[in-house]
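Take a look at the structure below.
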Amino acid sequence: MRVFRSVKDLGPLEVALKEAMEIKADRYKYQELGKNKTALLIFFNNSLRTRLSTQKAAMNLGMNVIVLDVNQGAWKLETERGVVMDGDKSEHLLEAIPVMASYCDIIGVRSFARFESREDDYQEKILEQFIQYSGKPVFFMESATVHPLQSFADLITIEEYKECKRPKVVLTWAPHPKALPQAVPNSFAEWLNAADVDFVVTHPEGYELDPQFVGDAKVEYDQMKAFEGADFVYAKNWSCPGVTRPEDYGKILSQDMSWTVSERQMAVTNNAHFMHCLPVRRNMIVTDDVIESPRSLVIPEAANREISATVVLKRMLEAL
Ligand code: CP
């Protein structure tokens, strides 16, 4: 595997899930695979889970790890070609990428949506440059539009906790004070569409996800109706994807607190498990009672980030 951004990059999902369970049972089984290999993790944005779980995954495989926080200590990077660099940016990504690549074998990059242009974000201008100019395998640690390591961990968690063969999984929008990217819901929709589940998406009008990710998933604008009989509820905020009105891309269209996941909605589910990728704003996205309930999976879900990252790095090491 040379690039990891999509569920399609893993091949058959049931094989990848089986591999994840095998690694979970013995996470150090492949510790010789990464000997004398180096993973470089590049963060243009903050992280707690991705940073720690991916470092741990690389260590599970015997790799060396270098972490670079681009905005803390590195030269400020220009990302656009053709710009006269007479401002505060001292180095261009086109030199920085091959230099960074020369110190490692595999590169992970986190670079969020900038909300300056829907086209730029959805074309993945930063990540595509890493793929094109590094000459190294590149995995997405949350890009402008996708967060595949998270969705893989989410699916591992659903596989572990499901109580019937084909559970009902609901992705629900919830309010947030800031405009957040669509990376997590995009990937969650993409991955759940590939899984053997009854998948429903619910959000206020105007928050329609990009068709390349939401595909043929059921969309239900009535949140209570969507929650009926659910086995898993996955909450997340996202800003306007700009599908129906491109001029609204990245805007907050609603802060309707009736969408906050509480016992009111959970009461109509099939005693659903609650999921969120974290970090989460309590009593905006979800009430204290729901996130603290025994049915909340937010901690096991975060712990499975180590497993999803170990599988992805293992696949990349095997393809070197
Ligand atoms: N869920 C997730 O990616 O968490 P971090 O932003 O802390 O890495």
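Whatever order the structure lists ligands and atoms in, that order sets their numbers, starting from 1.
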With under 30° as parallel and over 60° as perpendicular, where do the rings of H203 and W238 fit, or are they tilted in between?
perpendicular
Does D9 pair with R315 as a salt bridge, N-O distance under 4.0 Å?
no
Please determine whether a side-chain nitrogen of the Lys or Arg among K168 and D231 lies less than 4.0 Å from a carboxylate oxygen of the Asp or Glu.
no
Are the aromatic rings of F115 and Y249 close, with centres under 6.0 Å apart?
yes
Taking the six-membered ring for Trp, are the ring centroids of F188 and Y234 within less than 6.0 Å of each other?
yes
Do R51 and F43 meet the cation-pi criteria used here (NZ or CZ under 6.0 Å from the six-membered ring centre, within 45° of the axis)?
yes
Listing by chain and number, which residues have a heavy atom under 4.0 Å from ligand 1?
S47, L48, R49, T50, R110, H147, Q150, C277, L278, R305
